[in-house]
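Numbering of ligands and ligand atoms starts at 1, following listing order.
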Amino acid sequence: MSTTDKKFEQYTVTRDGQLMLAKAAREGVETVWDRFAAQQPACGFCETGLSCRNCVMGPCRIDPFGEGPQKGVCGADADIIVARNLGRMIAAGAASHSDHGRDLVKVLAQVAQGRAPGYTIKEPEKLRRVAAEYGLETEGKDDLTLAGELAQAMLEDYGSKQERITLLARAPQPRRQLWDRLGISPRGIDRETSEMMHRTHMGVDNDWVSILLHGLRNALSDGWGGSMIATEVSDILFGIPKPVSGSVNLGVLKQDQVNIIVHGHNPVVSETVTAACSLPEMLALAQEKGAKGINLVGVCCTGNELLMRHGIPMAGNHLTTELALVTGAVEMMIVDYQCIMPAISDVAACYHTKLISTSDKAKFPGMQHVEFHPHNAMDQAVELVRQAVENFTARDPDKVSIPVEPQPVLSGLSVEAMLEAMGGSAGPLLEAIKSGKVRGAVGIVGCNNPRIRQDYGHLGLTRRLIANDVLVLDTGCVSVATARGGLKTTQALEQAGPGLKEVCGALGIPPVLHVGSCVDNVRILVLVSALAQALDCDISDLPVAGSAPEWYSEKAVTIACYFVASGVFTHLGPLPPVAGSPNVVKLLTEGLNDVVGAAFAVEPDPEKAAQLLITHIERKRQALGLDARGV
Ligand code: BF8
Ligand code: SF4
């Protein structure tokens with residue numbers, strides 16, 4: 001790498017990323033980092049949450065230095081404007097996850113009606129288990145009948161007829177009682193998002209505390225509602241993840257094969273593409289075109305879904321999505337929705353890569369649109385794989401560069417898989433926590449963000465936590481970062497503290513567990529609920545925490561809010577746009593402790609963040625009467 005190329009080290013800690021950034025620069029390809037630089041300096045009003053364009057009497061802004069206007073045209077002050085903006089972020093995040101969940105319920109309903117060829121019920125036992133939670137009679141019913149009834153019952157959770165959404169019942173009793181007392185038990189998944197949009201219209205909820213409390217309810221409607229449904233139905237349709245080996249980084253792309261990347265979030269698309277890639281006629285066509293095979297890989301969360309269930313390789317996380325195309329080795333990228341930068345069309349145009357959008361609700365400039373629905377998904381997938389294979393001959397070998405060797409990863413740690421690894425119950429984990437060999441656990445979740453050197457926050461924090469005997473569970477783009485950094489192998493136990501090394505070593509698992517995509521954060525909720533119930537306490541009493549060191553997305557805000565509302569202390573790397581209201585900041589970082597028993601902390605430095613999380617875990621241990629270090 002030349003000296004000029006060294007500048008890319010400040011953008012990403014990943015070797016494959018640095019090399020592809022250098023290639024992009026040589027080939028005149030613009031990336032997210034170029035566009036980020038072009039946007040600086042960012043608008044201070046927007047960064048602090050002090051601008052409002054909720055109506056056309058505005059837009060308005062509040063002067064944080066007290067010299068200019070302190071109220072919008074309607075009279076809203078800094079507290080109201082910041083709370084409303086945050087509320088709308090939560091609503092957008094909840095809507096995204098929950099609409100994804102609804103798409104899966106739609107597939108389940110159509111499978112029941114025999115109108116979704118290519119999809120089946122892979123986990124009838126889980127179907128029955130979840131149906132029973134929904135109060136459905138399971139005896140004497142065949143799987144398809146039950147699937148239809150469960151889909152209808154889940155759709156009721158989306159509406160506004162219920163007093164509370166069904167899967168809240170999974171939370172420990174003290175937590176449910178607290179939500180009832182606070183009036184934040186979500187009643188319907190869509191209802192809470194819709195109500196947030198209503199409350200934040202001009203002239204509705206102008207009490208900033210009330211807006212933020214509803215924000216917690218809205219977030220809970222995602223965590224214990226839409227996202228939980230998404231995960232459960234994905235398991236029912238596509239299988240409960242079990243420990244599986246895979247590989248990660250741009251080295252998973254193959255010089256001599258047709259490379260297809262799936263990008264987005266919904267396994268409804270990527271699962272059918274997976275099936276189409278292994279059809280004998282497609283493999284024969286690939287050989288006819290001079291390729292040794294068809295290499296399907298994932299990026300972002302749909303990649304996580306495939307890695308968790310099938311061990312399909314992962315090319316990278318959010319900030320790698322453009323760089324994967326810069327390899328010049330990708331015949332086709334198939335996208336569904338969320339976190340897909342429209343800029344990838346410009347990158348693809350520099351190579352032979354075909355881009356395909358598949359969702360009726362996510363179209364992009366410069367992409368061919370091939371719409372997937374449950375009734376035609378398999379046919380569409382076969383047609384796309386055929387087109388990708390045919391595109392292999394258009395590849396320019398002079399432009400191809402696959403920068404590194406793949407890194408092995410162990411994935412597939414669903415709650416069911418973890419329980420199985422522990423002999424059927426959470427007992428061994430509880431014992432390890434009680435004995436102090438494992439001090440506690442942290443769920444590290446979320447994205448990359450060009451404000452932060454790619455993967456730096458994730459890796460720094462994770463390494464420090466495991467070295468201190470804290471078990472890490474991760475999802476989403478973090479899971480790619482830690483896998484790429486070699487932390488999801490049993491060799492990584494060498495970097496763990498002695499207790500964690502002993503416990504994970506005995507179970508044959510790495511110190512960092514991949515629990516899935518972003519909707520799969522609910523697996524963490526289910527696990528902490530089980531731990532709290534076993535210890536007869538609330539989630540907020542447990543030595544656990546959450547963290548999103550490099551988050552960028554509204555979905556991450558919603559996840560962080562449902563973690564906190566569920567009683568999990570949560571660290572954020574980047575500060576959300578709330579600094580314009582000291583009152584809101586104080587409530588989020590301190591006051592919430594007295595309301596829901598947990599609050600947020602913001603710390604961009606991963607070393608300092610690790611200290612915060614470790615101190616929190618040790619304090620919780622002490623309060624539970626367990627041994628505590630340095631408190
Ligand atoms: O839902 S972690 S960048 S890909 S938002 Fe997006 Fe963030 Fe990645 Fe998945 Ni989650
Ligand atoms: Fe301005 Fe109020 Fe309208 Fe917002 S809602 S743009 S603060 S007038």
Side-chain angles (χ1 to χ4, degrees), residues 32 45 49-62 69-85 87-89 92-94 96-101 199-206 211 222 226-227 230-231 262-267 270 298-305 307-308 314-321 335-341 443-450 452 454-455 457-458 474-482 514-522 547-560 572-574 580:
V32 60
F45 296 107
L50 286 174
S51 52
C52 179
R53 51 176 179 77
N54 287 11
C55 87
V56 183
M57 293 194 286
C60 303
R61 61 201 189 281
I62 305 296
Q70 295 301 297
K71 289 193 172 160
V73 176
C74 67
D77 61 13
D79 297 334
I80 296 171
I81 290 177
V82 167
R84 280 196 310 217
N85 288 338
R88 287 194 167 198
M89 287 186 90
S96 306
H97 282 150
S98 299
D99 203 36
H100 161 176
R199 281 175 185 244
T200 53
H201 185 281
M202 203 299 280
V204 186
D205 199 351
N206 285 286
I211 296 167
D222 172 15
S227 277
T231 291
V262 279
H263 179 6
H265 285 76
N266 198 326
S270 55
V299 290
C300 290
C301 281
T302 209
N304 277 314
E305 301 267 355
L307 173 59
M308 285 283 285
M314 271 292 262
N317 47 7
H318 175 49
L319 290 186
T320 317
T321 53
V335 311
D336 51 75
Y337 43 54
Q338 298 171 16
C339 303
I340 297 147
M341 291 187 272
I444 310 187
V445 310
C447 326
N448 297 134
N449 184 328
I452 298 163
Q454 185 190 15
D455 289 4
H458 301 320
D474 65 17
T475 61
C477 288
V478 185
S479 67
V480 180
T482 57
H514 184 201
V515 298
S517 64
C518 278
V519 290
D520 291 336
N521 283 316
V522 304
S547 170
E550 301 181 28
W551 72 277
Y552 92 88
S553 148
E554 290 159 323
K555 290 179 288 170
V557 174
T558 315
I559 294 163
L572 301 174

Checklist entry - Any non-hydrogen atom of His265 lying under 4.0 Å from ligand 1? => result yes
Next on the checklist: Distance under 4.0 Å to a non-hydrogen atom of Cys447: what atoms of ligand 1 satisfy this?
Outcome noted: 2 (S), 3 (S), 5 (S), 7 (Fe)
Checklist entry - Starting from atom 6 (S) of ligand 2, which protein heavy atom do you reach first, and at what distance in Å? => result Cys52 O, 3.4 Å
Next on the checklist: I need the atoms of ligand 1 closer than 4.0 Å to a non-hydrogen atom of Cys339, numbered in the order shown.
Outcome noted: 3 (S), 4 (S), 5 (S), 6 (Fe)
Checklist outcome for this item: Counting from 1 in the order shown, the ligand 1 atoms closer than 4.0 Å to a non-hydrogen atom of Cys300 are 4 (S)
Item to check | Side chain, backbone, both or neither: the part of Lys71 lying under 4.0 Å from ligand 2 by heavy atom | outcome: neither
Next on the checklist: When you measure from atom 8 (Fe) of ligand 1 to the N, O or S atoms of Cys477, does any of those distances fall below 2.8 Å?
Outcome noted: yes
Checklist entry - Near Ser553, which atoms of ligand 1 are under 4.0 Å from a heavy atom of that residue? => result 5 (S)
Next on the checklist: Taking 4.0 angstrom as the limit and counting only heavy atoms of His318, give me the atoms of ligand 1 inside it, by number and element.
Outcome noted: 3 (S)
Checklist entry - Considering only protein heavy atoms, which is closest to atom 2 (Fe) of ligand 2, and at what distance to one decimal place? => result Cys74 SG, 2.4 Å
Checklist entry - ligand 1 versus Tyr552, non-hydrogen atoms closer than 4.0 Å: side chain, backbone, both, neither? => result side chain
Item to check | Heavy-atom side-chain contact between Pro574 and Glu550 under 4.5 Å | outcome: no
Checklist entry - Taking the side chain as C-beta and beyond, is there a heavy-atom pair between Val445 and Asp474 under 4.5 Å? => result no
Checklist entry - Which of the atoms of ligand 1 are close to Cys518, meaning less than 4.0 Å from one of its heavy atoms? => result 1 (O), 2 (S), 9 (Fe), 10 (Ni)
Checklist entry - Quick one: does Ala556 get a heavy atom under 4.0 Å from ligand 1? => result no
